[in-house]
Each structure stands twice: as structure tokens, then as C-alpha cells.
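Beneath this line is the structure, given in C-alpha cells, with notes to follow.
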There are 2 protein chains.
Amino acid sequence: MDTTQRTDQQRSADRRRRELLEAADRVVLRDGPQASMNAIAAEAGITKPILYRHFGDKGGLYAALAMRHTDALLDSLRAALDAPADRRERVEATLDTYLTAIEARPQVYRFLMHPAEGSPGDQGFDVGKHSAPLLRRMGEELAQVIEERLDLGPGGQQLARVWGHGIVGMMHAAGDWWLGERPCSRGELVRSLADLLWGRLAAAGDKIGGPGF
Amino acid sequence: MDTTQRTDQQRSADRRRRELLEAADRVVLRDGPQASMNAIAAEAGITKPILYRHFGDKGGLYAALAMRHTDALLDSLRAALDAPADRRERVEATLDTYLTAIEARPQVYRFLMHPAEGSPGDQGFDVGKHSAPLLRRMGEELAQVIEERLDLGPGGQQLARVWGHGIVGMMHAAGDWWLGERPCSRGELVRSLADLLWGRLAAAGDKIGGPGF
DNA sequence: ACTGCATGTTACCGCAAGTAACATGCACGT
DNA sequence: ACGTGCATGTTACTTGCGGTAACATGCAGT
């Protein structure tokens with residue numbers, strides 16, 4: 001068994017895989033996280049068992065799909081994070097990049113955040129890892145950037161990880177709420193969040209008439 | 001049709017409803033968000049259609065269940081938020097209260113955060129409101145407290161709402177990650193998050209050798 | 001021509017949400 | 001005492017989705 005044939009077949013399989021993923025993408029873009037395997041198979045012009053042969057189960061397909069989008073988003077975020085500007089500007093650029101992304105494709109974003117919650121095979125109650133992979137990856141990534149660039153003294157590495165996940169969670173929740181209610185422009189939201197990270201909460205004065213928050 | 005009978009019947013119905021909710025509670029505590037209507041009915045000693053008569057559909061039951069726990073948690077949080085201490089201490093107490101709650105009952109917490117994502121009837125793609133009701137309610141509540149007590153100048157109300165949802169998201173994501181990895185004690189996590197809110201991110205110095213984050 | 005293997009199909013299983021139609025117990029007006 | 005209404009309860013079903021088994025087909029290499 002020489003290698004050329006193996007490679008050939010694998011190439012073809014990879015191509016198919018990519019085609020299937022793109023079909024799945026279209027369906028998810030249209031139907032959100034509710035996209036069914038039947039629908040995806042139909043969109044791809046084939047039937048279910050093929051999907052299962054390629055991806056094992058629904059979780060596998062979703063994981064593969066999530067990986068693509070997550071990678072893409074993380075690339076954008078890294079670019080914003082690495083821009084040649086001062087810290088505040090970069091934080092704002094990063095927030096803006098994220099918000100722009102979720103604003104552009106809400107369905108995909110929704111899918112990434114709540115992937116396959118009700119699927120069987122999810123039986124293990126290991127509570128910790130139920131968060132969306134995207135959130136975790138963004139948190140770890142941000143933590144690394146923080147730890148690399150900021151001098152946080154002893155315990156800085158752990159502090160960076162807490163902050164990474166915390167900031168990502170802040171961004172996510174605020175973005176989610178903002179996308180639903182649209183209470184202000186994207187720019188205003190970005191500024192408000194950056195202000196929060198810049199300590200305006202602690203610096204604000206008490207309102208007259210009661211003890212401060 | 002006099003009222004006494006009506007009231008009587010309603011009382012009885014309410015009692016049943018509460019019993020059913022408690023049974024559902026037990027099942028969710030055991031099985032997490034995957035709890036099936038059959039299982040809940042069995043635990044309550046009855047059959048499915050009764051559940052549907054009382055709660056309409058699975059979403060209804062879950063909403064009722066979530067309401068109970070959400071109310072309880074919000075009461076605890078309000079207590080921490082209203083304690084007679086300075087702002088920093090109260091923020092830390094609130095964070096600690098939340099983390100203690102999710103640490104004590106991970107299944108319930110998981111259920112509250114990701115309720116019935118895959119249920120039909122969820123077909124409307126109104127993306128915004130997909131976030132857990134608990135997160136939204138906590139965000140709004142916190143926003144109100146912030147807006148009531150802090151002098152934020154013009155635009156303060158909107159700022160308070162952004163911050164409310166942002167802080168809650170930070171708390172949630174960090175807590176979620178922490179619960180899964182247990183990288184440090186609860187106290188350390190609380191301090192780290194409070195530090196973040198207190199502006200240490202902006203105040204930190206650049207690490208030698210590169211531009212600061 | 002025969003084998004091996006990936007690709008593709010139809011037809012099925014199991015399980016959970018949700019519903020229709022049928023039974024039963026209990027307060028009421030007459 | 002007797003039917004009438006109404007809530008409570010049941011069995012048995014439909015629908016839809018995830019997942020799989022068994023069977024068909026096209027195309028290398030010997």
C-alpha cells in the first residue's frame with residue numbers, strides 16, 4: 001500500500017468534509033443552533049449516514065463547525081489586540097471587533113455560544129465544561145496576552161487567567177444584551193465597557209442621599 | 001358560582017403546582033438540564049399530560065422552576081449588596097455570594113444558565129433573548145442598584161445598565177471557568193475580580209520588552 | 001474478472017415532546 | 001337521590017430527531 005493513493009483518498013475526503021461543513025454553515029446561518037442533521041444533509045444534497053461517517057455524531061459536526069468560526073474570530077481579535085496603539089485604544093478595538101462580528105452574524109454567534117445543549121450523549125454531568133468552547137478559548141487567549149504584556153507582580157499568571165475569562169464574560173454578556181435591546185450604538189457600548197475596565201466604577205462618587213454602592 | 005369554591009379549587013391547584021415543581025426540582029438536581037418530562041412526571045407520581053396541563057409546555061415548567069431559584073438567588077445577592085460596609089467590601093460580598101451559590105448546587109446552576117435550548121417552539125430567531133433569564137435579571141437588578149447609588153453624571157442610567165450586564169457576565173464566566181478548573185480558592189477569585197473592577201488592568205505597568213497591552 | 005474500499009442509499013430503532021380521547025371522583029342545583 | 005359540570009387522572013398515540021444496520025454502487029489495483 002503506497003502512500004500516494006492514501007493521500008489521494010484523504011484529499012478527496014477532506015474536500016468532501018469541507019463541502020459538508022460549508023453546507024452545514026449555510027443551514028446554521030439560516031436556522032441557528034436548531035439546525036437538524038436532516039436539514040444539513042439535505043442542504044449538502046446527501047443523506048444523514050454520510051454526515052455521521054464524517055463527523056461521528058452531531059457533537060462532532062458542531063465541534064468542527066465551531067472550530068472554523070472560532071478560529072476566524074480569534075484571528076480578528078488577535079489583530080485588534082496587536083494593533084500599534086495604546087492600551088485603551090486596543091481594548092476598545094478588541095471590544096468593537098467582537099461586537100461587530102456578533103452583530104454581523106447573530107445566528108452563527110448564537111450557535112457558537114449555545115451549541116447542542118439538548119443533545120443526548122451529553123449525559124456526563126461534568127458541570128465545569130458546559131460553557132461554550134468559544135468563550136473558553138477567547139478567555140485563555142486573552143489571559144495569555146495579558147500575562148505576556150502586563151507586569152502584574154507575583155501571582156500575575158493566575159490573575160491574568162481570571163481576568164481573561166472575566167473580561168470575555170463581560171464582553172459576551174453585555175454584547176448579548178445589547179444585541180437584544182439595542183439600547184445604544186456600538187461605539188457607546190464599547191466606551192462604557194472600557195470605562196468599566198478602567199475603574200470608573202470604583203472611582204465614581206456616591207449619589208447624594210444614601211451610602212455609596 | 002360563589003368565590004369560596006373557586007378559591008378552594010385554586011388553592012388546591014396551586015398546592016399541586018408547588019408539589020410538581022418540587023418534584024421537578026429533585027429531578028433537575030439529579031439529572032441536570034436533561035431532565036425529561038417523563039422523568040419529572042414519574043418523580044411526582046403522575047403522568048405527563050398533567051404536567052402539560054399545569055405548565056403548558058416544557059418551557060413553561062422550566063420558566064416556573066427557574067423563577068423560584070432565580071428569586072432565591074437574587075434575594076441573597078440583594079442582601080449582600082445592601083450590607084452596611086464600604087463599596088469594595090460589598091462588591092466582594094456579592095461576588096462571593098454568587099460563587100458560593102453556584103458551588104453549592106452546580107446542577108441547578110447549570111439548568112438556570114442553559115434552560116431548554118433545544119426545545120421546539122423556540123423557533124423564533126429573535127436572537128437577543130436567548131440568554132438565560134437569570135443572567136438578564138441579575139444584570140437588570142445590578143444596573144438598578146448602580147444607578148440608584150452612584151453618581152455617574154449625564155448618561156448615567158445607560159452606563160449603569162451596560163455595567164450591570166457586563167459585571168454579571170464577568171461574574172458568570174469567571175465562575176463558570178473556576179468551577180470547572182478550580183485554579184484557586186474562592187476568596188482569591190473574588191479578590192482578583194474585584195481588582196479587575198477596581199481598575200488594576202488600566203493601572204498595571206507594561207512588562208519590560210514590549211509595548212503594553 | 002475479482003477484491004477492497006469509500007461513497008451512497010433506504011429503512012429502521014429508541015427516545016422525548018406534545019396531544020387526543022377516554023375514565024373517575026367530587027361539589028353542585030334540582 | 002340523581003344527573004351535570006369540572007378538575008384530575010389515565011392510556012395510547014403522533015411527530016420529529018439523533019443515530020444505526022443492512023444493502024447497493026462506483027472505482028482503484030492485482
Side-chain angles (χ1 to χ4, degrees), chain A residues 1-21 23-24 27-28 31-65 111 115-123, chain B residues 1-21 23-24 27-28 31-65 111 115-123:
Chain A
M1 48 183 81
D2 63 308
T3 40
T4 67
Q5 180 193 348
R6 261 252 147 84
T7 308
D8 233 32
Q9 283 175 187
Q10 251 181 356
R11 255 170 223 280
S12 146
D14 280 10
R15 242 192 89 190
R16 261 292 181 277
R17 192 185 159 93
R18 232 167 293 154
E19 289 173 14
L20 298 185
L21 278 176
V27 177
V28 166
D31 296 355
Q34 311 290 335
S36 81
M37 294 300 264
N38 263 322
I40 293 172
E43 172 71 29
I46 49 144
T47 51
K48 270 192 300 178
I50 303 180
L51 284 182
Y52 284 96
R53 280 224 256 275
H54 274 275
F55 302 102
D57 62 351
K58 192 174 185 173
L61 202 175
Y62 275 30
L65 213 53
F111 159 76
E117 192 65 24
S119 71
D122 198 13
Q123 298 290 38
Chain B
M1 48 176 92
D2 63 310
T3 39
T4 68
Q5 183 195 345
R6 259 254 147 85
T7 309
D8 234 31
Q9 283 176 187
Q10 249 181 358
R11 258 172 221 277
S12 147
D14 281 10
R15 244 191 87 188
R16 259 295 181 272
R17 193 186 159 92
R18 233 167 291 155
E19 289 173 13
L20 298 185
L21 279 176
V27 177
V28 166
D31 297 354
Q34 310 289 333
S36 81
M37 296 299 264
N38 263 322
I40 293 173
E43 171 72 28
I46 50 146
T47 50
K48 270 191 301 178
I50 303 181
L51 284 181
Y52 284 95
R53 280 225 258 274
H54 273 274
F55 301 103
D57 62 351
K58 191 175 185 172
L61 202 175
Y62 276 30
L65 213 51
F111 159 77
E117 190 66 24
S119 70
D122 198 13
Q123 297 291 40

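Heavy-atom basis, side chains included; hydrogens, waters and symmetry copies ignored. Please read these numbers as outputs of a predicted model, since none were measured by experiment.
One interatomic measurement links the two molecules: CG of A/Asp14 to P of C/dA6, which rounds to 14 Å at whole-angstrom precision. Distance, A/His54 NE2 to D/dG19 P: 16 Å, rounded to whole Å. For the pair A/Glu19 CD and C/dT7 P, the interatomic distance rounds to 11 Å; values are reported in whole Å. What separates OH of A/Tyr62 from C1' of D/dC17 is a distance of 11 Å, to the nearest Å. Taking atom CZ of residue B/Arg17 and atom P of nucleotide D/dT8, one finds them 12 Å apart after rounding to whole Å. Regarding B/Ile40, its CD1 atom lies at a distance of 11 Å from the P atom of C/dG18, rounded to whole Å. The CE atom of A/Met37 sits 12 Å away from the C1' atom of D/dT20 (whole-angstrom rounding). As rounded to whole Å, 14 Å separates atom P of C/dA17 from atom CD of A/Gln34.
Of the residues near DNA chain D, A/Arg53 and A/Asn38, the one whose nearest nucleotide (by heavy atom distance) lies more toward the 5' end is A/Asn38.
If you check C/dG18, D/dG18, D/dG9 against the side chain of B/Ile50, the one that comes closest is D/dG9. Here D/dA21 is the nucleotide among C/dA17, D/dA21, D/dC17 with the atom lying nearest to any side-chain atom of A/Pro49. The A/Tyr52 side chain lies nearest to D/dG18 when the options are D/dT10, D/dG18, C/dG8.
The distance from atom NE2 of B/His54 to atom CZ of B/Arg18, rounded to the nearest 0.5 Å, is 12.0 Å. To the nearest 0.5 Å, the span separating CG on B/Leu65 from NZ on B/Lys58 amounts to 11.5 Å. Taking CG from B/Leu20 and CZ from B/Arg53, the interatomic distance works out to 12.0 Å, rounded to the nearest 0.5 Å.
Aromatic pair A/Tyr62/A/Phe55: centroids not less than 6.0 angstrom apart.
Between A/Thr47 and the phosphate of C/dT9, there is a side-chain N or O to OP1/OP2 separation shorter than 4.0 Å. Contact annotation: A/Arg16 reaches the phosphate of C/dG8 (side-chain N/O to OP1 or OP2, under 4.0 Å).
In the interface, the side chain of A/Lys48 is paired with the base of D/dG19 through a donor and an acceptor atom under 3.5 Å apart.
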Derivation of the side chain to side chain contact (heavy atoms under 4.5 Å, CB included) call for A/Arg16 and A/Ile50
CA-CA 10 Å; A/Arg16 261 292 181 277; A/Ile50 303 180; over 6 Å; no

